[in-house]
Colleague: 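Got a structure for you, written out below as structure tokens; questions coming shortly.
Predicted model, so just to flag it, every value in this text is computed and none were measured.
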Amino acid sequence: MVMNSSTTIPTSASSSNVFDIGNHTTKLIKIEADNCRKNASSSSPPPKPLLICAPSEEGFYPVLVFLHGFLLYNSFYSQLLQHVASHGFIVVAPQLYSITGPDAKEEIKVTSEITNWLSNGLSRFLPPNVEPNLTKLALAGHSRGGKVAFASALNNKQESSTSLKFSALIGVDPVDGTGKGEQTPPPVLTYTPHSFDLDGMGVLIFGSGLGEVKRNPVFPPCAPKGVNHEDFYNECSNPVHYFVAKDYGHLDMLDDGTKGIRGKASYCLCKNGESREPMRRFVGGVSVAFLRGYLEGDFTELVAIREGHILLPLELQRVEFDV
């Protein structure tokens, strides 16, 4: 077992708004899969490197598996993961690859392997007396990771490809290619309304209002029309919750400071909003409300968001609740 870094995030004891940091202190734990395999005392190493964010207080917590976007690092989502974990969830974010091509089949396969690993492997890496409740399991993904999340959830329902079952699905500005007719393999969208057979699983989809806008004439939009959030929403059946954030871009839920070449590129390739914090707080807060509803049966905050009883950190372009 190798834990390369651990970060403690203090939180306010009085915080209760889902758009604020929650009441739990969190630990951010980095696990390198290769080092685990070299350690003879480490049984059942994870299939891929992981970034885990968990509450540090004793408890039995629901689990969210979060898949990163195309050519991004899981560490770029640290602040978002911490936000969700601070409200009482264990978030597991694998690094699916370092370099990849257009085909996402391997990422779908790896997602199944990681899901199967959770039962025997996850507990060993968590803080003392923190246990995962794998009967309350959700899957989320951003960008191409959103496509992989949908593909994995569809496989999970249809082929029993994993020993565990997902109860909720979140797509954060999901993308299925570079444009209609240019889907990357394997295609997920069928362009048939309500065609996704998820057996009543709760679905949450976020869209970015600027995602389908080019940043400049050289680069294509990061979430093109015909393969973006709207198309995923159209193919979902009830229950599905859909939010499009006005004036925010495809990468605006990432950390405030993303380092390295890829981190710097995240500021240059997509049309962005003025800052990342509002979009990140929005995605984190609505995700928390959604997970509480579909994993724990408490829809209070999700209903309050729908009815406008909670002040949002940004302006919405579109909202749909099909329940």
Colleague: Check the orientation of F70 and Y97. Use parallel for under 30°, tilted for 30 to 60°, and perpendicular for over 60°.
Modeller: tilted
Colleague: Of the non-hydrogen atoms in E301 and A289, which two are nearest, and what is the gap between them?
Modeller: CB-CB, 3.9 Å
Colleague: So R215 and L269, do their side chains get closer than 4.5 Å, heavy atoms only?
Modeller: no
Colleague: Please name the pair of heavy atoms, one in A104 and one in V148, separated by the smallest distance, quoted to 0.1 Å.
Modeller: CB-CG2, 4.1 Å
Colleague: Mind checking what makes salt bridge (charged side-chain N to carboxylate O under 4.0 Å, His left out) contact with E320, not counting sequence neighbours?
Modeller: R318
Colleague: So do L198 and S237 actually touch side chain to side chain, heavy atoms under 4.5 Å?
Modeller: no
Colleague: Which pairs, with at least one residue in residues 234-286 and sequence neighbours excluded, count as a disulfide (SG to SG under 2.5 Å)?
Modeller: C222-C270
Colleague: Is K147 paired with D176 through a side-chain N to carboxylate O contact shorter than 4.0 Å?
Modeller: yes
Colleague: Going by the salt bridge (Lys or Arg N to Asp or Glu O under 4.0 Å) test, which pairs reach into residues 250-271, not counting sequence neighbours?
Modeller: D256-R280
Colleague: Around atom CD of E274, are there more than 12 heavy atoms of other residues, nucleotides or ligands at under 6.0 Å?
Modeller: no
Colleague: Check salt bridge (charged side-chain N to carboxylate O under 4.0 Å, His left out) between K246 and all other residues, then give those that pass, not counting sequence neighbours.
Modeller: E315
Colleague: Do L118 and V65 have side chains that get closer than 4.5 Å, going by heavy atoms?
Modeller: yes
Colleague: If a pair satisfies salt bridge (Lys or Arg N to Asp or Glu O under 4.0 Å) and one of its residues is in residues 98-108, list it, with sequence neighbours excluded.
Modeller: D103-K105, E107-R144
Colleague: Please name the residue in the list L134, N116, V63 that meets the side chain to side chain contact (heavy atoms under 4.5 Å, CB included) test with L164.
Modeller: L134
Colleague: Does any pair with a residue in residues 280-323 pass disulfide (SG to SG under 2.5 Å), and if so which ones, sequence neighbours excluded?
Modeller: none
Colleague: Passes side-chain contact (heavy atoms from CB on, under 4.5 Å), N155 versus T111? Steps please.
Modeller: CA-CA 11 Å; N155 288 345; T111 299; over 6 Å; no
Colleague: Between C53 and L28, is any pair of side-chain heavy atoms under 4.5 Å apart?
Modeller: yes
Colleague: Using every non-hydrogen atom in the two residues, find where E296 and P62 come nearest and quote the distance to one decimal.
Modeller: OE2-CG, 3.5 Å
Colleague: Using side-chain heavy atoms (C-beta onward) and a distance below 4.5 Å, is F290 in contact with V18?
Modeller: no
Colleague: Does anything in residues 196-218 form a ring-ring contact (aromatic ring centres under 6.0 Å, His included)? List the pairs, not counting sequence neighbours.
Modeller: F150-F196, F206-F282
Colleague: Closest heavy-atom contact between S98 and L71?
Modeller: O-CD2, 4.3 Å
Colleague: So which heavy atom on A54 is nearest to which on A85, and how close?
Modeller: N-CB, 4.2 Å
Colleague: Show the nearest heavy-atom pair for residues Q183 and L189, with the distance to one decimal.
Modeller: NE2-O, 3.1 Å
Colleague: Between F321 and F243, how do the two ring planes meet: parallel, tilted or perpendicular, split at 30° and 60°?
Modeller: perpendicular
Colleague: Mind checking side-chain contact (heavy atoms from CB on, under 4.5 Å) for A304 and listing every partner two or more places apart, or none if nothing turns up?
Modeller: H309, I310
Colleague: With a 4.0 Å cut-off, would you call R281 and D20 a salt bridge?
Modeller: yes
Colleague: Does OH in Y242 sit with more than 12 non-hydrogen atoms of other residues, nucleotides or ligands closer than 6.0 Å?
Modeller: yes
Colleague: Please answer: with hydrophobic residues joined when any side-chain heavy atoms are less than 4.5 Å apart, are L291 and L80 in the same cluster?
Modeller: yes
Colleague: Under the side-chain contact (heavy atoms from CB on, under 4.5 Å) rule, collect the residues that match up with F299, sequence neighbours excluded.
Modeller: Y294, L302, V303
Colleague: Which is it for D322 and Y233 under the side chain to side chain donor-acceptor pair (under 3.5 Å) test, yes or no, and what are the steps along the way?
Modeller: CA-CA 10 Å; D322 297 336; Y233 167 67; 2.4 Å; yes
Colleague: Does the pair L139 and S152 meet the rule for a side-chain contact (heavy atoms from CB on, under 4.5 Å), with working shown?
Modeller: CA-CA 9 Å; L139 180 62; S152 299; 3.8 Å; yes
Colleague: Disulfide (SG to SG under 2.5 Å): which pairs involve residues 60-105, sequence neighbours left out?
Modeller: none
Colleague: Among residues at least two apart in sequence or on other chains, which ones pass ring pair (Phe, Tyr, Trp, His ring centres under 6.0 Å) with H142?
Modeller: Y77, H250
Colleague: Would you say the side chain of L251 lies within less than 4.5 Å of the side chain of L72, judging by non-hydrogen atoms?
Modeller: yes
Colleague: Does E182 have any salt bridge (charged side-chain N to carboxylate O under 4.0 Å, His left out) partners at least two apart in sequence or in another chain, and if so, which?
Modeller: none
Colleague: For the pair D231 (side chain) and N234 (backbone), establish whether a donor and an acceptor sit closer than 3.5 Å, ignoring hydrogens and angles.
Modeller: no
Colleague: Is the shortest side-chain heavy-atom distance between Q95 and L51 below 4.5 Å?
Modeller: no
